[in-house]
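The structure presented is a predicted model; accordingly, all values stated were derived computationally and were not measured.
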Amino acid sequence: MNCPHCGVELPSRGRTIITGILFIVGALVLLLFVRLPVFVLAAVLLAVTGAAMVRGGFKGKVRICRRCRRAL
């Protein structure tokens, strides 16, 4: 689906959910194999970002255009 105002492609909910799940899986892999504090911090940030993306994909009611920032 494209924005009716500027014509740029709108972000899809399914892609957002899949990307969030992949972020969470990446965080789990980092926690399982690497125990350095820097990687634990990176894993926490990945997990929080992934959870926010999954939540936004399921609960997001309004899509916002990337270019013109209008709610559609």
Side-chain angles (χ1 to χ4, degrees):
M1 182 175 174
N2 293 336
C3 175
H5 302 286
C6 65
V8 76
E9 184 179 357
L10 294 174
S12 110
R13 288 184 183 166
R15 187 177 296 164
T16 303
I17 293 169
I18 290 172
T19 305
I21 291 171
L22 289 175
F23 272 39
I24 293 171
V25 169
L28 291 174
V29 168
L30 273 176
L31 283 178
L32 288 176
F33 295 115
V34 183
R35 295 291 179 180
L36 295 174
V38 173
F39 291 111
V40 172
L41 178 64
V44 169
L45 290 175
L46 274 174
V48 168
T49 305
M53 290 176 82
V54 170
R55 193 188 112 233
F58 281 120
K59 297 218 175 208
K61 302 292 183 202
V62 177
R63 292 194 222 177
I64 297 175
C65 178
R66 293 178 190 158
R67 184 183 295 165
C68 63
R69 300 287 181 202
R70 292 185 185 188
L72 305 171

Subject >> Closest non-hydrogen atom pair between Gly26 and Leu46, with its separation >> reply: C-CD1, 4.3 Å
Original post:
Any chain of hydrophobic side-chain contacts (each under 4.5 Å) joining Phe39 to Phe23?
Top reply: yes
Original post:
Should Leu36 and Phe33 be counted in the same cluster of Ile, Leu, Val, Met, Phe, Trp and Tyr side chains packed under 4.5 Å apart?
Top reply: yes
Original post:
Is Leu41 linked to Val38 within one hydrophobic cluster, defined over Ile, Leu, Val, Met, Phe, Trp and Tyr using a side-chain heavy-atom separation of less than 4.5 Å?
Top reply: no
Subject >> Where Ala51 and Ile24 come nearest, the two heavy atoms and their spacing >> reply: N-CD1, 3.9 Å
Subject >> Contact summary for Arg13 and Gly57, nearest pair of heavy atoms >> reply: CD-O, 3.7 Å
Original post:
Taking all non-hydrogen atoms of both residues, which atom of Cys6 and which atom of Arg67 are closest, and how far apart?
Top reply: O-NH1, 3.7 Å
Original post:
For the hydrophobic clusters of this structure (ILVMFWY residues joined by side-chain heavy atoms under 4.5 Å, transitively), does one cluster hold both Met53 and Ile18?
Top reply: no
Original post:
Can you tell me how far CG of Leu30 sits from CZ of Arg35, rounded to the nearest 0.5 angstrom?
Top reply: 11.0 Å
